[in-house]
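Heads up, the thing below is written out as structure tokens.
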Amino acid sequence: MKKTLNFIIISAITIAITACTKKNDPTPVYNPANLASLSVEFDNIVGDRTLTFNNTGSLYTNTAGEKFSISKLQYFISNIKVTSTSGNVYTVNQDSSYFLIKGQDKATRFAKVKVPEGDYAKVTFTIGVDSLRSTMDISKRTGALDPSGTMDDGMYWGWNSGYIFFKLEGNSDVISNDVNGDPTGKKQFKYHIGGFGGYSAPTINNIHTVTIDLTAGGIAKVRKDRQANVHLLVDLMKVFNGSNSFSIAAHPNVMFSEFSTKISANLKELFKHDHTEN
Amino acid sequence: MKKNIFWMVLATFTLFLLACKKETQIKEAVSGFLGFQKPAHFPEPVYKFANNKVTEGGFKLGRALFYEARLSRNNTVSCGSCHIQSSAFTQHGHEVSHGIDDRLGTRNSPPIMNLAWNKAFMWGGGVFDLDLQPIVPITAHEEMDETLENVMAKLRTVPKYPTMFKTAFGTEEITTARFMKALSQFMLMCVSANAKYDKVMRKEAGATFTADEAAGYALFKTKCASCHSEPLFTDNGFHNNGLAPSNIDDQGLYTATLIATDKYKFKAPSLRNLSYTAPYMHDGRFLTLNGVFEHYNSEVQATPNLDPLLQQNGKRGISLSTDDRAKLTAFLKTLDDTELITRQDLSEQ
């Protein structure tokens, strides 16, 4: 009898404590095996406006004063890593850490990963595909990394084996109709940024890693019973207006070239934490 | 109870016997196929066979895909169209490859041979793994002008392919990786190592060089072997051999690396099977071997990054007299491998 009573009392206390815990929401003990969902949302914007494709009726304007529309946007986000408020660093299993964000397909705007329950103050990710994966056996290149995409939507260079990390295309009247612009007269700009550093000799490396501090906008509280979402704004205007600002007229087509390193440096400045939904 | 144990033991033995039987049957079935065999006088291959063991099923699937015109947009061009076996898997007679809709490329189609020893692919590099190489011709506008996605979709509708993929890889699933690995398996089997030269080197019965061939071999060793090193007859490196830049100013390796010292460097091609692979150079500009000899003798240009071996003692090029050329030609003909260009197992079935 006494035993049963003891049990009931202990149970009651335990329930009470658990209930309290939920309310106060203390940080769970860090356990790399205790995984829960976290998503990072890549919300593409253009300066002060939302992203609209083929916005010929209402053009965007960069700091060079050039008016332009956007027709395509795709980029790889990979190798997600989180840092907890107490300094624990967790790297997501690499096989589950490659995401192709397609501007025209809203469903692709989330990078969904599993990380240990905890409170996170920093999110780190790579813009593009790391060099190790870029040189791996083809059987390790599935899902977003399958090089079978079409020429238009593809994110892979066959002739110079490697992924295109970031692809932005659009139109601007400032583009000339000659070989320095768009000889087809369509006034199209194309930025295809890639280059993982070379297989046997060092070549251009446009892989950049970005760390976002969540402290000001709200830390991510990752728990099994909810879905924490880190909402990032990705400002495409920074492609032109970042630290290495350039004019579309001067560089309407940038692919595998030295100038691509200037643009890829700008890409680091695209990502800004807006808020976190816990 | 005792009876039960007896039956269990019997059943286990039967299973073992069946298992053994199955294994012997499989062994018998593949006994005719030897897989990839490294010629005794060749170095260790570069290709990572650990990731893609050549099997009979994989090889046969690769062969079917190599000769499959569905790899091109309008189902007219296969790999075999520009890599013809009787021309040592080149497009003999075409200075640059002739692809879909009669479009012309910018480079001469290279032979498919001894690719297991290749460190880089394409005349100008850029591709570092044989498994990734077929993406280039399939998607190139002037070659097959198709997408890999569409190729996979087309193959899935052809009844023989799911079966062949199952034989090769265990299930009927058709994926990019399996497709590439099968093509690699076929191409890896295109080994050229049975020319007269090889027989002489292996000291096979009765194989000896004639006086001219031996003299040509000696000349080769002093004048050509630095870049065209034995036994593959290429050092697998990239060199600027002093060709005058073409109208399109193809800058070779530089395009893939953007390193200034790579400008105008192209891959040193193997000298094997030259009798079948004219025209020569990355853009097929020389129709005959004599054209090549004359280039090295008197036409080497002082373009950026000219290989130091071609400008020694204040003189550009390699002097080659008429007599030298005759002897070198005699030797180079000992590199012709009739087996490669006639082997039934490498032909379209």
Side-chain angles (χ1 to χ4, degrees), chain A residues 74 95 98 100 102 129 131-164 179 183-184 192-206 253-264, chain B residues 46-48 50-52 73 106-107 119-141 143-153 169 173-184 236-238 253-262 265:
Chain A
Q74 293 186 169
D95 284 341
Y98 292 90
L100 179 56
K102 296 180 176 181
V129 178
S131 61
L132 191 66
R133 186 66 57 154
S134 296
T135 54
M136 258 186 204
D137 187 81
I138 190 162
S139 60
K140 305 274 185 213
R141 299 146 175 264
T142 50
L145 296 173
D146 192 320
S148 74
T150 63
M151 279 295 265
D152 283 343
D153 293 329
M155 294 294 276
Y156 186 79
W157 280 320
W159 65 275
N160 197 8
S161 306
Y163 293 94
I164 297 169
V179 288
T184 66
H192 297 180
I193 310 300
F196 65 85
Y199 184 70
S200 48
T203 59
I204 54 171
N205 188 338
N206 281 323
N253 283 292
V254 181
M255 296 186 187
F256 192 72
S257 70
E258 280 299 332
F259 193 76
S260 71
T261 59
K262 302 265 185 222
I263 298 185
S264 82
Chain B
V46 174
Y47 185 81
K48 292 182 185 111
N51 292 336
N52 189 24
R73 172 176 42 77
T106 58
R107 293 190 181 150
K119 289 180 187 130
F121 298 85
M122 314 296 286
W123 281 103
V127 179
F128 49 77
D129 184 344
L130 180 61
D131 295 348
L132 301 172
Q133 209 286 328
I135 299 172
V136 187
I138 291 170
T139 58
H141 173 76
E143 294 184 60
M144 294 163 133
D145 198 24
E146 182 55 292
T147 68
L148 283 179
E149 235 168 9
N150 216 25
V151 170
M152 301 302 142
F169 298 110
E173 204 190 348
I174 295 178
T175 65
T176 311
R178 287 177 170 189
F179 169 83
M180 294 297 169
K181 300 241 171 198
L183 273 171
S184 288
N236 269 315
F238 291 80
L253 183 61
Y254 172 78
T255 320
T257 65
L258 301 177
I259 296 169
T261 52
D262 287 342
K265 285 184 181 174

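Naming: A, B, ... by sequence-line order, numbering from 1 per chain. All values reported here derive from a predicted model rather than from experimental measurement.
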Nearest 0.5 angstrom please: [X] [atom1] to [Y] [atom2], how far?
| X | Y | atom1 | atom2 | answer |
| --- | --- | --- | --- | --- |
| A:Ser148 | B:Met180 | OG | CE | 8.5 Å |
| B:Thr257 | A:Ile204 | OG1 | CD1 | 10.0 Å |
| B:Asn52 | A:Ile138 | CG | CD1 | 10.5 Å |

Checklist entry - Is B:Asp131 salt-bridged to A:Arg141, cutoff N-O under 4.0 Å? => result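 Not counted as a salt bridge, because no side-chain N and carboxylate O are separated by less than 4.0 Å.
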Next on the checklist: Side chains of B:Asp129 and A:Ser161, heavy atoms from C-beta outward: is any pair under 4.5 Å?
Outcome noted: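 The answer is no, as the side chains (C-beta and beyond) never meet within the 4.5 Å cut-off.
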For a quick test of reading the model, state the closest non-hydrogen atom pair linking [X] to [Y] and the distance between them.
| X | Y | answer |
| --- | --- | --- |
| A:Pro202 | B:Ile259 | O-CD1, 3.3 Å |
| B:Ala177 | A:Ser139 | CB-CA, 3.8 Å |
| A:Asn160 | B:Ala256 | ND2-O, 3.1 Å |

Checklist entry - Mind checking whether B:Phe128 and A:Tyr199 have parallel, tilted or perpendicular rings, split at 30° and 60°? => result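 Judged by the thresholds at 30° and 60°, the geometry between B:Phe128 and A:Tyr199 is parallel.
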Please flag which part of [X] lies under 4.5 Å from any non-hydrogen atom of chain A: side chain, backbone, both or neither.
| X | value |
| --- | --- |
| B:Lys181 | side chain |
| B:Leu258 | both |
| B:Thr175 | neither |

Item to check | Engaged part of A:Ser260 at the chain B interface, taking heavy atoms whose separation is under 4.5 Å | outcome: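 Neither the backbone nor the side chain of A:Ser260 comes within 4.5 Å of chain B.
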Item to check | Heavy-atom contact with chain B under 4.5 Å, split by part of A:Thr135 | outcome: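 Both parts, heavy atoms under 4.5 Å.
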Item to check | Passing candidate, side chain to side chain contact (heavy atoms under 4.5 Å, CB included) with B:Ile135, options A:Trp157, A:Trp159, A:Tyr156 | outcome: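 Output: one option passes, namely A:Tyr156.
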Checklist entry - So which of B:Ile138, B:Asp262, B:Thr255 has the biggest tally of heavy-atom pairs under 4.5 Å with chain A? => result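 The candidate making the most pairs under 4.5 Å is B:Thr255.
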